[in-house]
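The structure under discussion appears below in the form of structure tokens.
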Amino acid sequence: MGHSNIKKIFCESTLQTAEDLLGCILVKETKDGAAAGRIVETEAYTGPEDRAAHSYGGRRTKRTEIMFHAPGHVYTFEMHTHCLVNVVTAPEGRPEAVLIRALEPVDGIDLMRTRRNRQKDIELTNGPGKLTKALGITMEDYGRHFSEKPLYIIPGQNPAEISSGPRIGIENTGEARDYPYRFWETGNRFVSK
DNA sequence: TGAATGATGAACT
DNA sequence: GTTCATCATTCAG
């Protein structure tokens, strides 16, 4: 499967997008410079029927509003002290999204080390809250589009093999807990778990 | 207006 | 394995 057109990937089914984003490059440009990483782990959240999704039951609030918009928009939200970043998927009006859970650093690694307080390199981007801090992704990015600067996604090298399994941190969501909606590049050491 | 709740990460034992 | 920092969002009242 080719990655010749990133906008096309946004418009696939959410599960397909979650797989096809693996290998793509996430870039954030700020006044301090650019930082980029290869996406190696994602999770799909499939809207009103998915108890683990913020948009479960069609919940349309200030927070979830952007999920109802066109594919490719940026959905950021805060939990505890962290910001997490999602790619909006599915046609306009269908509130689905893909969470970016882990990156393999590609560019701006010194900047990432500074932002992450000089953690070990393996710890820079191997989790959803870690990678947003490393790249400087914040709530300022909410509602932007991943086809435009300063936060965008470009094609990269496809994984040789993809693994899947249950999503992380959604123990209290009934049957949705076990859906195999988490995808990662098999064997990549930057995967969160 | 208040209280419960996390799609987490870090630091522990 | 466990605890907890820490706060916007959400919903009950």
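Values reported hereafter were calculated over all heavy atoms of this structure, with side chains retained and with hydrogens, waters and symmetry mates removed. Lettering of chains follows the sequences in order, A, B, ..., and the numbering in each one begins at 1.
The CE atom of Met67(A) sits 10 Å away from the C1' atom of dA7(B) (whole-angstrom rounding). Rounded to whole Å, atom C1' of dT5(B) lies 10 Å from atom CG of Asn172(A). Rounding to whole angstrom units, CZ of residue Phe77(A) and P of dT10(C) are separated by 11 Å. Between the NZ atom of Lys130(A) and the P atom of dA10(B) there is a distance of 5 Å, given to the nearest Å.
One distance of note links OG1 of Thr30(A) with CG of Leu111(A); it measures 6.0 Å at 0.5 Å rounding.
Put simply, Tyr45(A) rests on the base of dA7(B): the two rings are less than 5.5 Å apart at their centres and nearly parallel, under 30°. By the 5.5 Å and 30° criteria, His82(A) is not stacked with the base of dT8(B). The ring of His54(A) lies on top of the base of dA7(B), close enough and flat enough: under 5.5 Å between centres, under 30° between planes.
Closest to the side chain of Pro128(A), from the set dC11(C), dT8(B), dA8(C), is dT8(B).
Within 4.0 Å (heavy atoms only), Glu78(A) reaches sugar-phosphate atoms of the nucleic acid but no base atom. Among the atoms of the strands shown, none is found under 4.0 Å from any heavy atom of Arg51(A). No contact: Arg167(A) has no heavy atom under 4.0 Å from any strand. Within the nucleic acid shown, Leu84(A) comes within 4.0 Å of sugar-phosphate atoms alone, with no base atom in reach, counting heavy atoms only. Counting any heavy atom pair closer than 4.0 Å across all strands shown, Gln119(A) reaches sugar-phosphate atoms only and no base atom. Within the nucleic acid shown, Thr173(A) has no heavy atom closer than 4.0 Å to any nucleic acid atom.
Judged by Watson-Crick or G-U wobble contacts below 3.5 Å, the nucleotide dT10(C) has dA3(B) as its partner.
Looking at Lys133(A) and Glu123(A), no side-chain N of the basic residue comes within less than 4.0 Å of a carboxylate O on the acidic one, giving no salt bridge.
Contact annotation: Arg116(A) reaches the phosphate of dA10(B) (side-chain N/O to OP1 or OP2, under 4.0 Å). When the side-chain nitrogen and oxygen atoms of Arg59(A) are compared with OP1 and OP2 of dC11(C), one or more of them lie within a distance under 4.0 Å.
For the pair Thr61(A) and Thr81(A), both in contact range of DNA chain C, the more 5′-proximal nearest nucleotide belongs to Thr81(A). Annotation: of the two residues near DNA chain C, His80(A) and Met139(A), the 5′-most nearest-nucleotide partner is His80(A).
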